[in-house]
S.K.: 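This is the structure I have questions about; it appears just below.
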Protein chains: 2
Amino acid sequence: MNGPATFSPLYRQIKSLITDRLQAGEWKPGEAIPSETDLAQRFGVSQGTVRKAIDELAGENLLVRRQGKGTFVASHREARAQFRFLRLRPDEGEAVQPESTVLECRRLRAPIEIARRLEMRPGDSAVLVQRRLSFSGEATVLDSIWLPGAPFKGLTAERLDAYHGPLYGLFEAEFGVRMIRCEERLRAVAADAQAVELLGVAPAEPLLLVDRTSYTYGDRPVEVRRGLYVTRRMHYHNELS
Amino acid sequence: MNGPATFSPLYRQIKSLITDRLQAGEWKPGEAIPSETDLAQRFGVSQGTVRKAIDELAGENLLVRRQGKGTFVASHREARAQFRFLRLRPDEGEAVQPESTVLECRRLRAPIEIARRLEMRPGDSAVLVQRRLSFSGEATVLDSIWLPGAPFKGLTAERLDAYHGPLYGLFEAEFGVRMIRCEERLRAVAADAQAVELLGVAPAEPLLLVDRTSYTYGDRPVEVRRGLYVTRRMHYHNELS
DNA sequence: TAGTGGTCTAGACCACATA
DNA sequence: ATGTGGTCTAGACCACTAG
């Protein structure tokens, strides 16, 4: 445990060991991991050191602590995670769950820019999903989602239609791909012909373009998503601190 | 220290005591606060308890720890804080500091909606600052900033012109108002006549509208800011986790 | 009642900055 | 050499959950 190869505090080495097990799927989303005292014995360190490692992992939303019950692997299929990666909120009233309509799900060769962002070779197999989100019956978001073909083998429109809930919940449950964090670039653009047709907005109406890259364990990019948001009665909410 | 009045862990009570002193201005931005052992003695608790209180305050960016040197009151006039509240970045290349041009600085009665958001009475004195930000000489942001009149007595266009650096640095140094966190609502809008004139964009060009409310200690709102961003060569950057 | 995470303590030692 | 924050330990006790 005191390996000189990695010069970092003990609790970070423990953290790394736990992360490795999470990545390997030893403990699945929603399941409890062993207790702090159990882990401390396994790793041959004190409970406080394990605690500090778990503290950081909980802070990064990889684990969730529940007093009296245990520590659990975070899951996208939980109420508390529903709006973490969807920042669109109504100007008035409470946030509501969107209904999703899958417009398309195709396998094709990754265009060069997508390949670059997903760290694939151009021409590698990729999946393109197009979908529309409606809030209270109002078409609001048009998403173009690019995924690497290999880990998402078996993803079809039927599979997407059959699943209800956040997409990342499906990904973690069916494909073992857990989204950890995202980077987004936002800008204002004019609605193009496709947006006019599928969102029912006026030609050239200003739309919010949200360009996202999502990462899984080890900061590996596994999704590129381009969303067009109608922001007439909803807005993108952000907190700075 | 074990007062039964507030039922919360000891370290949170300590945290609250430290926050009170910060709010009272006992320790100013950029200054060091007493050492952990010193504070532990003052408050009659162990060093570990003070440590946990400071941990949380550092996590909220109110304090900054520097190993070997001490713990310091966070300041907006520091390199590391420069881009925390300005999320606009160039599509290519490194972030650059904007140049600010003050277009207007007027004192007037707060309109009803501004008063509501600043928790003032309609008609109370307020300050309206209009400014333009340019990045590498390119006009990019048009800000309308509303502040409560009382704490910002003495704020003038001349004062603003004389100061170089982030606005929040001026606010904390000259007016003792420290911005802690912001809430932002983003949407896409068409450029109006004023934006066309002052930003040099085409009529109805899509712009990113950023509507911000800023809070100081005790979650008291002290700024309402409406920014129009040109997002042709820059974008609003956000991280989700 | 037993097991879990949450708090608090006391003390030892390490890493870093400064004089 | 001294003072600061950073790490690690061991143990006691509290708060919450569930059988």
Side-chain angles (χ1 to χ4, degrees), chain A residues 1-18 21-22 27 30-75 78-80, chain B residues 1-18 21-22 27 30-75 78-80:
Chain A
M1 203 48 43
N2 298 317
T6 68
F7 178 52
S8 61
L10 196 44
Y11 76 87
R12 279 198 190 276
Q13 300 176 38
I14 302 300
K15 181 184 172 188
S16 179
L17 290 175
I18 296 174
R21 280 166 169 73
L22 286 171
W27 307 309
E31 291 179 4
I33 70 171
S35 72
E36 295 180 352
T37 51
D38 184 340
L39 289 172
Q41 285 183 346
R42 291 199 206 189
F43 297 141
V45 301
S46 80
Q47 181 258 5
T49 300
V50 170
R51 182 166 187 80
K52 183 144 188 179
I54 292 179
D55 273 345
E56 288 204 354
L57 291 168
E60 294 166 12
N61 296 306
L62 294 185
L63 297 176
V64 179
R65 319 187 82 132
R66 292 188 198 132
Q67 185 175 104
K69 301 179 75 171
T71 300
F72 297 77
V73 182
S75 166
E78 278 174 21
R80 57 177 296 289
Chain B
M1 203 47 48
N2 297 319
T6 68
F7 179 53
S8 62
L10 195 46
Y11 75 88
R12 279 198 191 276
Q13 301 176 40
I14 302 301
K15 181 184 172 188
S16 179
L17 290 175
I18 296 175
R21 280 166 167 73
L22 286 171
W27 308 308
E31 291 179 6
I33 69 172
S35 73
E36 295 180 354
T37 52
D38 184 340
L39 290 172
Q41 284 183 347
R42 292 199 205 189
F43 296 139
V45 300
S46 80
Q47 181 258 4
T49 300
V50 170
R51 182 168 188 79
K52 184 145 187 179
I54 292 179
D55 274 345
E56 287 204 354
L57 291 167
E60 295 165 13
N61 296 307
L62 294 187
L63 297 176
V64 179
R65 319 186 84 130
R66 291 189 198 129
Q67 184 173 101
K69 301 179 76 172
T71 301
F72 298 77
V73 183
S75 166
E78 277 174 19
R80 57 177 296 289

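Note that these values count all heavy atoms, side chains included, but never hydrogens, waters or copies made by symmetry. Convention: sequence-line order gives letters A, B, ...; per-chain numbering from 1.
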S.K.: Between B:R51 and B:D55, is there a side-chain heavy-atom distance shorter than 4.5 Å?
M.R.: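 Touching, per the 4.5 Å side-chain cut-off.
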S.K.: Tell which nucleotide pairs with D:dG19, taking only Watson-Crick or G-U wobble pairs whose two distances are both under 3.5 angstrom.
M.R.: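 For D:dG19, the partner nucleotide comes out as none, under the 3.5 Å rule.
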S.K.: Between atom CZ in A:F72 and atom P in D:dC16, what is the gap in whole Å?
M.R.: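 Those two atoms, CZ and P, are 17 Å apart.
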S.K.: Using side-chain heavy atoms (C-beta onward) and a distance below 4.5 Å, is A:L63 in contact with A:L22?
M.R.: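 SC-SC contact between A:L63 and A:L22 confirmed.
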S.K.: From C-beta outward on B:P9, which listed nucleotide comes closest to its side chain: C:dC8, D:dG6, C:dG6?
M.R.: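 Minimum distance to the B:P9 side chain belongs to C:dC8.
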S.K.: In whole Å, I'd like the distance from the CD atom of A:Q41 to the P atom of D:dT9.
M.R.: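 Those two atoms, CD and P, are 13 Å apart.
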S.K.: So B:E36, base contact, sugar-phosphate only, or nothing? Heavy-atom distance under 4.0 Å.
M.R.: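 Sugar-phosphate contact only - B:E36 comes under 4.0 Å of backbone atoms but never of a base.
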S.K.: Looking at A:S35 and A:D38, would you say the former's side chain and the latter's main chain have a donor-acceptor pair under 3.5 Å?
M.R.: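 It does hold such a pair.
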S.K.: Base, sugar-phosphate, or nothing: which does B:R51 touch, judged by heavy atoms less than 4.0 Å apart?
M.R.: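 Base, at least one base heavy atom under 4.0 Å.
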S.K.: Please evaluate residues A:V64 and A:R80 with respect to the criterion side-chain contact (heavy atoms from CB on, under 4.5 Å), reporting the C-alpha separation (whole Å), side-chain torsions for both, the decisive distance (0.1 Å), and the verdict.
M.R.: CA-CA 11 Å; A:V64 179; A:R80 57 177 296 289; 3.9 Å; yes
S.K.: Report yes if a side-chain nitrogen or oxygen of A:K52 is closer than 4.0 Å to either non-bridging phosphate oxygen (OP1 or OP2) of D:dC8; otherwise report no.
M.R.: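 For D:dC8, neither OP1 nor OP2 has a side-chain N or O of A:K52 closer than 4.0 Å.
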S.K.: Are B:W27 and B:I18 close enough that some pair of their side-chain heavy atoms sits under 4.5 Å apart?
M.R.: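 Side chain of B:W27 against side chain of B:I18, heavy atoms only: contact under 4.5 Å found.
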S.K.: Does B:T37 or B:Q47 map to a spot on DNA chain D nearer the 5' end, using the closest nucleotide for each?
M.R.: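 On the 5' side of the pair lies B:T37.
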S.K.: Closest to the A:S35 side chain: C:dG5, D:dT17, D:dC8?
M.R.: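 Nearest nucleotide to the side chain: C:dG5.
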S.K.: Could you give the CD-to-C1' distance, from A:Q67 to D:dT17, as a whole number of Å?
M.R.: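 To the nearest whole Å, that distance equals 9 Å.
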S.K.: Could you tell me whether the phosphate oxygens of D:dT7, OP1 or OP2, come under 4.0 Å of any side-chain nitrogen or oxygen in A:T49?
M.R.: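 Checking D:dT7 against A:T49, no side-chain N or O comes under 4.0 Å of OP1 or OP2.
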S.K.: Reckon B:R66 has a side-chain N or O less than 4.0 Å from the OP1 or OP2 of C:dA17?
M.R.: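 For B:R66, the contact criterion (side-chain N or O under 4.0 Å from OP1 or OP2 of C:dA17) is not met.
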S.K.: Considering only D:dA15, D:dT7, D:dT9, which nucleotide approaches the side chain of A:V45 most closely?
M.R.: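 It is D:dT9.
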S.K.: May I have the distance from A:E56 (atom CD) to D:dC8 (atom P), rounded to whole angstrom?
M.R.: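 My rounded result for the distance is 11 Å.
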S.K.: In whole angstrom, what separates B:I54's CD1 from D:dT4's P?
M.R.: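 After rounding, the gap between these two atoms is 12 Å.
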S.K.: For B:R65 and D:dG3, give me the distance from atom CZ to atom C1', rounded to whole Å.
M.R.: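 Distance check: B:R65 CZ to D:dG3 C1' gives 15 Å.
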S.K.: Picking from C:dT7, C:dA17, D:dA18, which would you name as closest to the side chain of A:K69?
M.R.: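 Comparing C:dT7, C:dA17, D:dA18 against the side chain of A:K69, the answer is D:dA18.
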S.K.: Expressed as a whole number of angstroms, how long is the span from B:L57:CG to D:dG5:P?
M.R.: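 It is 14 Å, rounded to the nearest whole Å.
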S.K.: Expressed in angstrom and rounded to an integer, what is the separation of B:K15 atom NZ from C:dT7 atom P?
M.R.: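 Atom NZ in B:K15 sits about 12 Å away from atom P in C:dT7.
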S.K.: Of all the nucleotides listed (C:dC8, D:dA10, D:dG5), which has the minimum atom distance to the side chain of A:S46?
M.R.: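 The listed nucleotide nearest to A:S46's side chain is D:dA10.
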